[in-house]
Amino acid sequence: MTASTDFAGRAVPDSAAISRRFRRQDRLFFLLTLGSATLVVALLLAILVVLAIEAWPTFSTFGLSFLWGTTWSAPRDIYGALPAVLGTLISSLIAMLIAVPLSVGIAVFLTELCPARLRRPLGTAIELLAGVPSIIYGIVGLFVLVPLMQSTILPVLMATVGQLPLIGRLFQAPAPGIGLLTASFVLSVMILPFITAITRDVFNTVPVMLRESAYGMGMTTWEVVRHIIIPYTRLGMVGGIMLGLGRALGETMAVTFVVGSVTRLQTSIISPSTTISAQIANSFGDADGLQLSSLIALGLILFVLSFCVLALAKWLIGRTDSF
Amino acid sequence: METAVRSSIMNRRYRRNRIMMALAIFSSALGLFFLAVILATLVFRGIDAINLDVFTMSIPAQGSRGGLVNAMYGTVVITGLAMLIATPLGILAGTYLVEFANGSTLAEAAKFINDVLLSAPSIVIGVFIYGAVVVPMHGNSAIAGALALALIALPVVNRTTQDMLKLVPNALREATAALGAPRWMSMTMVIYRSAWTGILTGILLAVARISGETAPLLFTAGYSKFWNTGLTGPMASLPVAINTLAADPGPDLKRLAWGGALIITVAILALNILARSLAGRRSS
């Protein structure tokens with residue numbers, strides 16, 4: 001086959017060669033993208049494998065009883081996860097109890113009440129709360145909220161809620177200001193913007209027709225929210241709440257500053273306590289041997305916890321409209 | 001009589017409505033109040049520490065002059081390295097999931113796994129990099145810190161790329177294919193270009209997120225008072241420096257911590273606003 005030339009004698013590129021080259025380049029591009037996508041999957045597996053290997057000495061020493069062991073003592077080399085796990089669960093739960101109603105309130109304001117001109121700036125301001133680094137929440141919590149808790153909030157709580165039967169016990173203890181309840185307050189402010197953003201977005205998915213019909217029937221704004229918007233968006237809201245919960249479970253620096261780092265089971269929620277992430281952040285630096293392995297085991301537990309919460313959230317939201 | 005009953009019901013409904021709406025307004029005011037308290041505290045406590053020294057000198061010993069320039073340098077270097085790793089990988093992975101494997105069971109599983117990584121606790125990422133990089137390398141290093149942050153940024157970039165590529169109309173893909181362009185050329189010359197503001201927004205938000213992270217750097221990049229440029233040695237970053245200095249009993253170093261807190265917060269919030277205005281321009 002002779003090389004074809006155009007009227008001026010220049011070589012015309014061989015179209016078969018070009019198409020071969022294109023196919024080769026496409027193949028390379030495909031493999032690059034495939035490799036990157038595979039890497040993401042491999043990274044998750046690597047995290048699980050590395051954590052499991054490093055945590056192995058703990059589980060082979062204590063068995064599964066590590067999960068409900070209540071003692072964490074470096075001098076005696078005995079480690080149990082229960083105080084930290086309970087601290088994480090309880091502080092996240094209290095944070096949710098505070099943040100969820102507030103977030104729904106803000107979402108109602110942003111979608112139903114707010115003048116259209118203010119909607120964007122106000123929404124952005126709330127979202128900026130999510131942009132503030134967690135270490136900032138930590139130091140502001142320690143230097144602003146903790147003194148306030150110690151001087152005012154905790155004494156008032158102890159004098160009122162602390163006198164009630166049953167739950168009163170939760171509020172009776174020497175209260176230095178740092179503790180699980182303080183951590184919960186900080187956490188609730190941190191997860192507020194996440195839940196608000198998702199709640200607002202799902203509120204906006206309610207068809208205008210449905211909303212306007214309800215107003216046209218003479219329903220008040222609250223009745224529209226209560227009987228039309230919330231039932232219509234229930235699943236999405238719960239999904240958003242679960243994502244907020246996932247955040248709260250894994251939050252580290254903000255909690256570490258204000259929780260007090262006392263690794264004991266406490267009967268009161270105002271006492272200094274600990275959480276999984278605070279325990280790791282505090283002790284990891286100078287831990288070795290079995291203690292290091294136990295801290296990594298705690299990390300594994302946290303990872304599994306947040307994985308379960310996320311999976312539940314995904315299942316509830318459906319993938320398309322999450323975040 | 002009947003109207004009296006009806007109006008009492010109406011009154012009750014309106015009263016309840018007013019109470020609930022007042023609560024909604026109160027929640028919003030409270031949210032703004034939290035933001036205001038945080039910013040006011042940072043400005044009030046941090047502004048004293050902002051002077052030329054902060055931007056020119058390294059972290060001092062107790063009682064001597066100094067600044068945070070080594071920590072700022074560390075934050076820029078570690079964040080920059082992390083984004084250099086995470087951005088191409090994230091975009092390529094997102095491309096595969098949307099352009100080549102969209103809808104397949106495997107791709108759905110990979111998307112789910114990406115979302116798991118997206119919401120993985122950052123301290124766990126730090127622990128993982130400690131086990132996978134710091135222990136084999138026998139010590140803290142800037143590289144380990146960058147890898148930890150890259151692992152946090154990667155799922156963000158991946159997810160944004162997926163979402164943005166899905167918004168590109170299929171007609172563009174068909175038009176480039178009809179012109180005989182190979183897939184990679186169609187992607188780089190047409191599809192990425194029409195999605196780039198969205199992807200850039202995601203990249204900026206990822207930078208904003210990782211540059212404020214402390215937990216994954218504590219045991220990976222570590223902390224140093226000195227001007228270190230070696231990537232295989234420990235390197236301070238602003239958040240870790242704040243974490244260390246805030247715990248110092250002396251007032252000087254504590255003030256420096258507040259100065260650092262003000263700087264990093266202003267920088268990150270500015271990045272957030274920049275990213276959002278970019279996203280807003282696209283949607284309008």
Side-chain angles (χ1 to χ4, degrees), chain A residues 22 25-26 29-30 32-34 36-37 39-41 43-44 46-47 50-51 54 102 105-106 108-110 113 122 124-126 128-129 131-136 139-140 144 189 192 196 220-223 243 246-247 249-250 252-253 277 280-281 284-285 296 299 302-303 306-307 310 314 319, chain B residues 13-14 16-17 20-21 23-25 27-28 30-32 34-35 37-38 41-42 89 92-93 95-97 100 110-117 119-124 127-128 131-132 151 154-155 158 182-184 208 212 214-215 218-219 239 242-243 246 257 261 264-265 268-269 272 276:
Chain A
F22 278 179
Q25 289 165 338
D26 257 3
F29 183 65
F30 173 77
L32 267 178
T33 63
L34 176 64
S36 306
L39 182 72
V40 173
V41 177
L43 278 172
L44 181 87
I47 292 177
V50 167
L51 291 184
E54 305 271 327
L102 282 179
I106 298 176
V108 167
F109 179 78
L110 285 176
L113 297 176
L122 281 184
T124 307
I126 298 293
L128 283 188
L129 270 180
V132 175
S134 65
I135 179 107
I136 305 299
I139 58 172
V140 172
V144 178
V189 181
L192 183 75
T196 303
T220 63
T221 311
W222 166 243
E223 285 163 349
L243 287 178
R247 286 265 154 188
L249 290 173
T252 306
M253 296 322 292
S277 48
I280 298 174
F284 203 85
I296 294 173
L302 181 61
F303 196 42
S306 68
F307 172 83
L310 179 85
K314 287 278 149 191
R319 217 194 100 86
Chain B
R13 287 175 55 206
Y14 286 138
R16 166 166 293 182
N17 185 51
M20 298 316 284
M21 290 310 115
L23 285 178
I25 294 171
S27 319
S28 310
L30 205 59
L32 293 180
F34 291 142
L35 183 65
V37 165
I38 292 169
T41 308
L42 289 177
L89 285 176
L92 286 173
T95 305
Y96 176 78
L97 294 179
F100 290 112
K111 284 176 188 173
F112 177 71
I113 284 175
N114 187 63
D115 288 347
V116 172
L117 278 181
S119 58
S122 58
I123 185 111
V124 173
V127 169
F128 163 67
L151 194 43
L154 172 61
N158 183 354
R183 256 334 236 299
W184 69 270
T214 317
L218 285 174
F219 334 119
I242 295 168
N243 181 51
I264 188 101
T265 308
I268 287 177
L269 292 191
N272 264 292
R276 271 167 223 287

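The shown structure was predicted, so the numbers you read here are calculated from the model rather than taken from an experiment. A note on names: the letters A, B, ... follow the listed sequences, proteins ahead of strands, and every chain is numbered from 1.
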Of all heavy-atom pairs linking G105(A) and A24(B), the shortest is O-CB, 3.4 Å
Side chain to side chain, P133(A) and I268(B), heavy atoms closer than 4.5 Å | yes
Interchain contact, L39(A) with chain B, by part (heavy-atom threshold 4.5 Å) | side chain
Can you say whether A208(B) sits under 4.5 Å from chain A via the side chain, the backbone, both, or neither, judging by heavy atoms?
-> neither
Most contact-rich option vs chain A, by heavy-atom pairs under 4.5 angstrom, among L97(B), T41(B), N158(B), I264(B), is T41(B)
For each of P182(B), A261(B), P121(B), S122(B), tally heavy-atom pairs with chain A at distances under 4.5 Å, and name the one with the top tally.
-> P182(B)
Quick one: CE on M20(B) to CG on L113(A), what's the gap to the nearest 0.5 Å?
-> 11.5 Å
Close side-chain approach of I47(A) and L117(B), heavy atoms under 4.5 Å = yes
Interatomic spacing from CD1 in I38(B) to CD1 in I136(A) - rounded to 0.5 Å | 9.0 Å
Contact leader toward chain A among A132(B), S28(B), A215(B), where contacts are heavy-atom pairs under 4.5 Å = S28(B)
Closest heavy-atom pair and its distance - S36(A), L92(B) = OG-CB, 3.2 Å
Could you tell me whether the side chain of M253(A) reaches within less than 4.5 Å of the side chain of L218(B), counting heavy atoms only?
-> yes
Contact part of L23(B) toward chain A, heavy-atom cut-off under 4.5 Å: side chain, backbone, both or neither?
-> neither
Answer with side chain, backbone, both or neither: which region of L30(B) has an atom nearer than 4.5 Å to a non-hydrogen atom of chain A?
-> side chain
Euclidean distance, T214(B) OG1 relative to I135(A) CD1, rounded to 0.5 Å = 4.0 Å
Taking all heavy atoms of Y96(B) and all of A37(A), pick out the closest pair and write down the distance.
-> CD2-CB, 3.5 Å
Under the side-chain contact (heavy atoms from CB on, under 4.5 Å) rule, what do V127(B) and F284(A) come out as? Steps first, then yes or no, please.
-> CA-CA 9 Å; V127(B) 169; F284(A) 203 85; 4.0 Å; yes
Distance col, row L42(B):CG vs I139(A):CD1, nearest 0.5 angstrom, shows 6.0 Å
Taking C-beta and beyond as the side chain, do L302(A) and I123(B) meet within less than 4.5 Å on heavy atoms?
-> yes
Counting heavy-atom pairs under 4.5 Å with chain B, the top scorer among I126(A), V132(A), T221(A) is T221(A)
A281(A) and F219(B) have their tightest heavy-atom pair at CA-CZ, 4.0 Å
Got a donor-acceptor contact below 3.5 angstrom from the D26(A) side chain to the R183(B) backbone?
-> yes
Side chain from CB out, backbone as N, CA, C, O: work out which of these in L128(A) comes under 4.5 Å of a heavy atom of chain B, or both, or neither.
-> both
Looking only at heavy atoms, what is the nearest atom pair of L129(A) and G31(B), with distance?
-> CD1-O, 3.7 Å
Would you sort out whether F29(A) and T95(B) count as a side-chain contact (heavy atoms from CB on, under 4.5 Å), showing the intermediate values?
-> CA-CA 10 Å; F29(A) 183 65; T95(B) 305; 4.1 Å; yes
Would you mind checking which part of S277(A) comes under 4.5 Å of any heavy atom in chain B, side chain (CB onward), backbone (N, CA, C, O), both or neither?
-> both
Of the backbone (N, CA, C, O) and the side chain (C-beta and beyond), which part of E54(A) lies under 4.5 Å from a heavy atom of chain B, both, or neither?
-> side chain
What part of L269(B) is in contact with chain A, defined as an atom under 4.5 angstrom from a non-hydrogen atom: side chain, backbone, both or neither?
-> both
Scored by heavy-atom pairs under 4.5 Å with chain B, the best of I296(A), V50(A), V144(A) is V50(A)
Relative to chain B, which of L122(A), V40(A), L110(A) shows the most heavy atom pairs under 4.5 Å?
-> V40(A)
Considering only heavy atoms and a distance below 4.5 Å, find which of G246(A), G285(A), G299(A), A46(A) pairs most often with chain B.
-> A46(A)
In terms of heavy-atom contacts, L44(A) and V116(B) come closest through CD1-CG1, 3.7 Å
Chain A shares the most heavy-atom pairs under 4.5 Å, among V37(B), N243(B), T265(B), with N243(B)
Taking T220(A), T196(A), L51(A) one by one, which has the highest count of heavy-atom pairs under 4.5 Å against chain B?
-> T220(A)
Answer with side chain, backbone, both or neither: which region of L154(B) has an atom nearer than 4.5 Å to a non-hydrogen atom of chain A?
-> side chain
